[in-house]
Amino acid sequence: MRPDRSFFENNDVVSLAKRLLGCTLFTKFGETITAGRIVETEAYRGRDDKACHAFNYKRTKRTETMFLAGGHTYVYLCYGIHHLFNIVTSKEGEPDAVLIRSIEPLEGIEEMMKRRKINSLKPQLTAGPGVLSKALGLSIKMNAIDLTDASSPIGLILNDPVPDSSILAGPRIGIDYAGDCVDWPWRFCIKNNDYLSR
DNA sequence: CACGGGATCGTCT
DNA sequence: GACGATCCCGTGT
């Protein structure tokens with residue numbers, strides 16, 4: 001089942017990034033369902049994290065979404081091409097988010113391959129924040145959607161937590177500009193999974 | 001396998 | 001007007 005608001009309003013975005021590993025992310029457009037198991041995430045925290053778009057509570061048109069209550073989507077365009085999908089966390093006014101970096105395909109694999117224009121099942125299908133969005137049909141148009149609304153086309157299913165012993169932590173990707181935050185080990189993945197990025 | 005570059009556009013200065 | 005929380009393909013070894 002979909003977790004409720006209180007799950008997402010957790011103010012510890014780092015532990016939530018770990019908790020989201022193993023959970024199922026899906027989209028349902030009409031009768032078309034595609035889904036995957038989250039295997040890689042990154043935490044971003046507005047309060048003190050220079051890698052976060054909303055660092056130091058910076059409000060712009062784009063970051064406004066991150067200030068919404070936990071449980072909303074935050075989707076933005078990267079390098080003009082890729083739509084990166086995040087889940088906003090913490091209470092309204094506290095701009096934290098978890099970037100979903102990789103999923104392992106579960107359902108609607110044919111549809112995902114069609115969207116990706118790929119004709120064989122390989123990690124490249126959904127391993128990476130840009131390609132996973134494409135596979136699930138996510139785009140910037142789906143910014144600020146409420147995941148706790150049972151009628152929303154995007155949803156999360158809470159599964160059993162992945163034990164710490166199966167989680168690998170490391171520095172985040174592509175944030176060279178983030179000063180002393182570059183080394184924070186806020187990237188998490190499930191050990192030995194075939195669908196990890198890079 | 002490591003690398004280098006091109007694609008492409010919303011957002012912020 | 002510059003630049004990214006990326007990806008893919010080409011080249012060379």
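In the text below, chain A, chain B and the rest are named by the order of the sequence lines, each starting its count at 1. As the structure is a computational prediction, the values presented were derived from the model and not from experiment.
- Computed from coordinates, the A:Asp49 CG to C:dA5 P distance equals 12 Å when rounded to whole Å.
- A:Lys134 comes within contact range of no nucleotide atom at all, as no heavy-atom separation falls under 4.0 Å.
- If you measure from atom CG of A:Asn86 to atom C1' of C:dT6, you get 14 Å, rounded to the nearest angstrom.
- In this structure, A:Tyr44 counts as stacked on the base of C:dA5 under the 5.5 Å centre distance and 30° plane angle limits.
- Stacking of A:Arg19 on the aromatic ring of A:Phe7 is not recorded, the 6.0 Å distance cut-off and the 45° axial limit not both being met.
- A:Arg172 comes within 4.0 angstrom of no nucleic acid atom, judged by non-hydrogen atoms across all strands.
- Per the geometry, CG belonging to A:Leu138 stands 16 Å off C1' belonging to C:dT6, to the nearest Å.
- The nearest heavy atom of DNA chain B to A:Lys61 and to A:Tyr79 marks one nucleotide each, and the one closer to the 5' end goes with A:Tyr79.
- Residues A:Asp149 and A:Arg5 are not paired through a salt bridge, judged by the lack of any N-O separation under 4.0 Å between the basic side chain and the carboxylate.
- The partner of C:dT6 is B:dA7, judged by Watson-Crick or G-U wobble contacts that both fall below 3.5 Å.
- The side chain of A:Val131 sits closest to C:dC8 out of C:dT6, B:dA7, C:dC8.
- Distance, A:Gln124 CD to C:dT6 P: 16 Å, rounded to whole Å.
- Across the protein-nucleic acid pair, A:His82 atom NE2 and C:dA5 atom P stand 13 Å apart, rounded to whole Å.
- Across the protein-nucleic acid pair, A:Asp176 atom CG and C:dG4 atom P stand 9 Å apart, rounded to whole Å.
- Closest approach of A:Val162 to A:Leu21, counting heavy atoms only: CG2-O, 3.5 Å.
- Going from atom CG of A:Leu77 over to atom C1' of C:dG4 covers 10 Å, rounded to whole Å.
- In this structure, A:Phe67 and A:Tyr57 have tilted ring planes: the angle between them lies in the 30° to 60° band.
- When heavy atoms are screened at a 4.0 angstrom cut-off, A:Gly80 is found touching base atoms of the nucleic acid.
- In this structure, A:Glu40 places its CD atom 13 Å from C1' of C:dT6, rounding to the nearest Å.
- Backbone-only contact: A:Ile173 has heavy atoms under 4.0 Å from sugar-phosphate atoms and none from a base.
- Put simply, A:Arg116 has a side-chain N or O that comes within less than 4.0 Å of OP1 or OP2 on C:dC8.
- Remark: A:Glu94 does not engage A:Lys91 in a salt bridge, criterion side-chain N to carboxylate O under 4.0 Å.
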